[in-house]
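Every chain is numbered from 1 and lettered A, B, ... according to where its sequence line falls, protein lines coming before strand lines.
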Protein chains: 2
Amino acid sequence: MSATADDGTPARLKGAASWLINQVSLHSQRLVAEGMAAAGARGYHYRLLAALEEFGPASQAALGRRTGIDRSDVVAMLNELSDQGLVRRSPDPADRRRNVITITLEGARRLHSLDQVLAGIQDELLAPLSPDERAELVRLLSALLAHHSGR
Amino acid sequence: MSATADDGTPARLKGAASWLINQVSLHSQRLVAEGMAAAGARGYHYRLLAALEEFGPASQAALGRRTGIDRSDVVAMLNELSDQGLVRRSPDPADRRRNVITITLEGARRLHSLDQVLAGIQDELLAPLSPDERAELVRLLSALLAHHSGR
DNA sequence: CAGCGATCGTGGGTGCGACCAACGGCTCGT
DNA sequence: ACGAGCCGTTGGTCGCACCCACGATCGCTG
């Protein structure tokens, strides 16, 4: 009926789990990116702030390991975060190779507001699913992620 | 015991569906990219070939619409595909704005071999899940994708 | 205690996928 | 016959994930 008659996705793709996951991930990433951008942040920022609040001050390398962000990218992100005063970078007196990264009060405040944003996004993302289905989805994805752990 | 004691993902992330999806998607994309690369192709190529075989010859714009690939990216991919002789690009006599893209025999052959690769990847990706769980996952993801259709 | 391997921060560069803006050519409805 | 709109193409941008190389530093071992 309507539609440009030019749409319609190849059936091969609609059935492939890899395709589905990537597509949903795309929407997810778009939602996250938009939400973060609206708060003047980005995905990497949230990850780092979360790791900092949860595990306390840490070296940049440790942060990278925990968040799965490359060491070199951590540098850039930390520059941005400290420019915004959300994080403090000070040399580690006990090991002069390292910097100790500390989340500031403002950083924590920002993190919590991003938490709100993120929560809203979860809801939007999972909108068509019942609570049970959401839990099941999380369970299945967690299983997959756990299995493909060893990067 | 083991482990660098520096790993461990923030709890906030482990519970977020958006995070899980993106992580799984990352693994999925890596698997696909590796599989495709081993066959001298890449994700975009498969999408285009699949659309061509399923819907027959089409204009570049139509291909873009069907595969979700931007018009400008379609150009580049089609250049690569026709360089490999997998696709033919000829002017549309009925509408001189358009090119008609046709999949060649070789293209179809390549597509089928990529199908094999892809099938193997599905298996690897979903390895830890039972058949029922796999079906359920596909169902849930499809629901999400259908809901976030518009755009 | 000299020396060497490993680790840390940093800078630079790559790749892929997804997008956007703008152009000249062409079609089609009115 | 003309303007709105589509088509192919070029040439960017952005985010995320990665890699390599470097100098400084640490810590173990001989």
Polar side-chain contact N99(B)-dC7(D) base: donor and acceptor under 3.5 Å | no
Value rounded to 0.5 Å, distance of NE2 in H27(A) from CG in L144(B) = 9.5 Å
Within the side chain of S82(B), is there an N or O that forms a donor-acceptor pair under 3.5 Å with the backbone of G85(B)?
-> no
More than 12 heavy atoms from other groups under 6.0 Å of CZ on R134(A) | yes
Among residues 75-85 of chain A, which residues get a heavy atom nearer than 4.0 Å to DNA chain D?
-> none
Salt bridge (charged side-chain N to carboxylate O under 4.0 Å, His left out) against R97(B), all qualifying residues, sequence neighbours excluded | D95(B)
Contact class for I69(A) (heavy atom, under 4.0 Å): base, sugar-phosphate, or nothing?
-> nothing
Quickly, which of V24(A), I21(A), N22(A) forms a side-chain contact (heavy atoms from CB on, under 4.5 Å) with V24(B)? Name it, please.
-> I21(A)
First locate atom OG of S25(A), then atom CG of L20(A), and finally report the distance between them rounded to the nearest 0.5 Å.
-> 12.0 Å
With E136(A) via side chain to side chain contact (heavy atoms under 4.5 Å, CB included) - residues at least two apart = R139(A), L140(A), E136(B), L140(B)
Can you tell me the distance, in whole Å, between the CD atom of Q29(A) and the P atom of dC19(C)?
-> 10 Å
Are M36(A) and L86(A) joined in one hydrophobic group, where the rule is that I, L, V, M, F, W and Y side chains link up if heavy atoms are under 4.5 Å apart?
-> yes
What distance do T9(B) atom OG1 and L145(A) atom CG have between them, rounded to the nearest 0.5 Å?
-> 7.5 Å
Can you check whether P10(B)'s main-chain N or O pairs, donor with acceptor, with R47(A)'s side chain at less than 3.5 Å?
-> no
With a 4.0 Å cut-off, would you call R66(B) and E54(B) a salt bridge?
-> no
In whole angstroms, how far is the C1' atom of dC16(C) from the CE atom of M36(B)?
-> 14 Å
Figure out the CZ/C1' separation between R71(B) and dA18(C), and round it to whole Å.
-> 15 Å
Distance below 4.0 Å between R30(B) side-chain N/O and dC16(C) OP1 or OP2 = no
Between D92(A) and R89(B), name the one whose nearest nucleotide on DNA chain D is closer to the 5' end.
-> R89(B)
Review item, nucleotides 27-30 of chain C N/O atoms under 3.5 Å of protein N/O:
residue : atom : partner : partner atom : Å
dT27(C) : OP1  : R96(B)  : N            : 3.3
dT27(C) : OP1  : R96(B)  : NE           : 3.3

May I have the distance from L26(B) (atom CG) to dC16(D) (atom P), rounded to whole angstrom?
-> 11 Å
Nearest-Å distance for atom pair CD1/P, residues I101(B) and dG8(D) = 8 Å
Report the residues that fulfil salt bridge (charged side-chain N to carboxylate O under 4.0 Å, His left out) with E53(A), sequence neighbours left out, ordered by chain and then residue number.
-> R12(B)
Rounded off to whole Å, could you give me the NE2-to-P distance for the H27(B) and dA17(D) pair?
-> 11 Å
Can you check the D70(A) CG to dT14(C) P distance for me, whole Å?
-> 16 Å
Does any donor-acceptor pair link the side chain of S72(B) with the base of dG11(D) at a separation under 3.5 Å?
-> yes
Value in whole Å for how far the C1' atom of dA18(C) lies from CH2 of W19(A) | 12 Å
So what does D73(A) touch, heavy atoms closer than 4.0 Å: a base, only the sugar-phosphate, or nothing?
-> base
In residues 41-49 of chain B, what residues come within less than 4.0 Å of DNA chain C, judged by heavy atoms?
-> R42(B), G43(B), Y44(B), R47(B)
